[in-house]
Amino acid sequence: NESALLAARKGRTSVSDQDITEACDKVRYGKERRSLELDIQEKKTTAVHESGHAIVALFVKHSDPVDKVTIIPRGLSLGATHFMPKKNRVNYWRKEILDQLAVLMGGRVAEEVFLEDISSGAQMDITQATRLVRSMVCEWGMTDKLGVVAYDEKAEGGQYLGNQTYHEKVYSEDTAKVIDDEVRAILDRAYELAKEIILEHRDQVQLMTDMLMEFETLDHDDVLLIKEGKWDTEKKKEKEKRSEEHTSELQSPCNLVC
């Protein structure tokens with residue numbers, strides 16, 4: 001339905017692949033905010049940040065495939081790296097989580113390496129990574145230092161600050177310090193893994209940044225070509241030109257006149 005609406009607004013007689021892709025992105029990630037004015041430095045910062053996420057994801061062993069990298073603002077984000085899981089998630093595995101943490105840290109590391117400064121753009125990445133690690137440590141028993149013990153018990157039933165459930169602290173201050181130290185240690189290891197990958201593949205990060213500045217969005221095939229060192233800018237331009245020509249063929253002459 002959303003694809004059909006997009007096609008109708010653009011005066012097309014049928015739905016194109018471009019409409020379907022745009023509809024999926026709109027539903028999942030929010031509407032494009034092309035009216036949001038970003039200066040060249042802001043766009044470059046976003047491109048570097050998203051390239052960091054993507055390159056780390058391409059080179060860790062246990063990451064979902066990168067589906068798309070974009071610097072087009074959607075919702076609250078100025079850019080995004082989208083992933084397409086190979087299967088439905090029913091469990092989280094420790095090796096996968098550790099690599100996911102490195103991917104989350106990739107944006108901040110890329111800023112540090114390529115811009116020699118850091119921005120507030122990593123706020124959501126840091127928050128998500130911290131919550132994930134605390135679940136590893138306090139709920140899933142995924143750390144040797146603290147063992148297979150649940151340290152955050154969820155109290156259910158009744159309201160507490162407007163929530164149906166809340167976490168109740170059931171451990172000592174000494175244990176709290178060990179938990180904090182372990183959370184910090186895991187996050188630091190993820191950061192170092194991300195930094196190692198970005199420094200080793202900095203040419204790919206730079207190339208992806210440049211291509212995002214030029215094309216704004218790179219799809220799954222594009223990022224694989226960059227990873228494998230087979231990127232061809234002219235072929236990308238030809239691909240986009242063919243897509244535009246195909247889309248224009250679907251334009252309704254009546255609607256164009258109207």
Side-chain angles (χ1 to χ4, degrees), residues 22 24-60 63-84 97-135 183-184 186-220 222-223 226-227:
E22 170 61 22
C24 288
D25 288 347
K26 181 180 178 182
V27 171
R28 289 186 292 182
Y29 310 117
K31 186 179 179 180
E32 285 187 357
R33 294 190 296 157
R34 288 187 177 274
S35 59
L36 182 63
E37 294 185 6
L38 299 176
D39 61 30
I40 192 68
Q41 184 59 39
E42 197 71 56
K43 290 184 69 174
K44 182 179 179 181
T45 299
T46 304
V48 168
H49 186 97
E50 299 306 330
S51 296
H53 286 311
I55 292 300
V56 174
L58 289 171
F59 286 97
V60 293
S63 174
D64 291 325
V66 178
D67 181 57
K68 179 186 299 184
V69 187
T70 180
I71 59 170
I72 298 174
R74 283 185 183 275
L76 298 177
S77 65
L78 299 181
T81 302
H82 303 315
F83 299 88
M84 186 62 66
I97 295 172
L98 293 174
D99 281 352
Q100 184 180 344
L101 293 171
V103 173
L104 287 168
M105 294 296 171
R108 167 57 67 87
V109 172
E111 291 178 9
E112 180 185 329
V113 172
F114 287 87
L115 303 176
E116 298 181 347
D117 200 355
I118 53 178
S119 74
S120 61
Q123 176 189 351
M124 290 304 298
D125 301 329
I126 295 171
T127 300
Q128 185 178 347
T130 303
R131 289 174 179 170
L132 199 53
V133 175
R134 288 198 67 87
S135 292
V183 168
R184 176 64 185 269
I186 293 173
L187 289 173
D188 285 348
R189 287 198 295 271
Y191 195 90
E192 289 304 316
L193 174 58
K195 191 169 186 177
E196 179 182 326
I197 291 172
I198 289 206
L199 289 175
E200 183 177 351
H201 302 283
R202 62 185 304 150
D203 290 344
Q204 284 103 321
V205 178
Q206 185 63 62
L207 176 58
M208 187 174 290
T209 299
D210 294 340
M211 293 305 98
L212 283 172
M213 292 292 290
E214 181 171 354
F215 298 106
E216 292 189 317
T217 298
L218 300 174
D219 61 25
H220 175 72
D222 295 332
V223 297
I226 290 175
K227 175 187 178 182

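Remark: Asp125 pairs with no residue by the salt bridge (charged side-chain N to carboxylate O under 4.0 Å, His left out) rule, at least two apart or across chains. For Arg189, the side chain to side chain contact (heavy atoms under 4.5 Å, CB included) partners two or more places apart in sequence, or in a different chain, are Ala185, Ile186. Residues that satisfy the salt bridge (charged side-chain N to carboxylate O under 4.0 Å, His left out) test with Glu192, not counting sequence neighbours, are absent from this structure. Residues passing the ring pair (Phe, Tyr, Trp, His ring centres under 6.0 Å) test with Phe114: none are found, sequence neighbours excluded. For Glu111, there are no salt bridge (charged side-chain N to carboxylate O under 4.0 Å, His left out) partners at least two apart in sequence or on another chain. Partners of Thr46 under the side-chain hydrogen bond (donor to acceptor under 3.5 Å, both in side chains) rule, at least two apart in sequence or in another chain, do not exist in this structure. Among residues two or more places apart in sequence or in another chain, the side chain to side chain contact (heavy atoms under 4.5 Å, CB included) test is passed with Asp219 by Asp221, Asp222, Lys239. Asp203 pairs by the side-chain hydrogen bond (donor to acceptor under 3.5 Å, both in side chains) definition with nothing, not counting sequence neighbours. By the salt bridge (charged side-chain N to carboxylate O under 4.0 Å, His left out) test, Asp64 is found to be paired with Arg89, residues two or more places apart in sequence or in another chain being considered.
Closest approach of Ile198 to Gly52, counting heavy atoms only: CD1-CA, 3.8 Å. Residue Val66 comes nearest to Ala57 through the heavy atom pair CG2-CB, 3.8 Å, listed as atom of the first residue, atom of the second, then distance. When every heavy atom of Gly106 is checked against every heavy atom of Val56, the shortest pair comes out as CA-CG2, 3.9 Å. The two residues Ala129 and Met105 make their nearest non-hydrogen contact at CB-CE, 3.9 Å. Nearest heavy-atom pair, Ile126 versus Arg108, reported as atom, atom and distance to 0.1 Å: CD1-NH2, 3.9 Å. The two residues Val69 and Ala54 have their closest heavy-atom pair at CG2-CB, 3.7 Å.
Within the structure, every pair that satisfies the salt bridge (Lys or Arg N to Asp or Glu O under 4.0 Å) test and touches residues 193-202, not counting sequence neighbours, is listed here: Glu112-Lys195.
For the atom pair CG (Leu187) and CG (Leu101), the distance works out to 6.5 Å, reported to the nearest 0.5 Å. In this structure, the separation between CG on Leu58 and CD1 on Ile226 is 8.5 Å, given to the nearest 0.5 Å. Here the CD1-NE2 distance, from Ile55 to His201, works out to 8.0 Å after rounding to the nearest 0.5 Å. For the atom pair Glu42 CD and Ser119 OG, the distance stands at 7.5 Å (nearest 0.5 Å). In this structure, CZ on Arg131 lies 6.0 Å from OG1 on Thr127, to the nearest 0.5 angstrom.
For the pairing with Glu50, the side chain to side chain donor-acceptor pair (under 3.5 Å) check across Thr70, Thr45, Thr81 returns one residue only, Thr81.
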What donor-acceptor contacts under 3.5 angstrom involve side-chain atoms of residues 206-213, with partners at least two apart or in another chain?
residue: Gln206; atom: NE2; partner: Asp210; partner atom: OD1; Å: 3.0
residue: Thr209; atom: OG1; partner: Ser51; partner atom: OG; Å: 3.3
residue: Thr209; atom: OG1; partner: Val205; partner atom: O; Å: 2.8

Just do the side-chain contact (heavy atoms from CB on, under 4.5 Å) check on Val48 and Val113 with the steps written out, would you? CA-CA 10 Å; Val48 168; Val113 172; over 6 Å; no
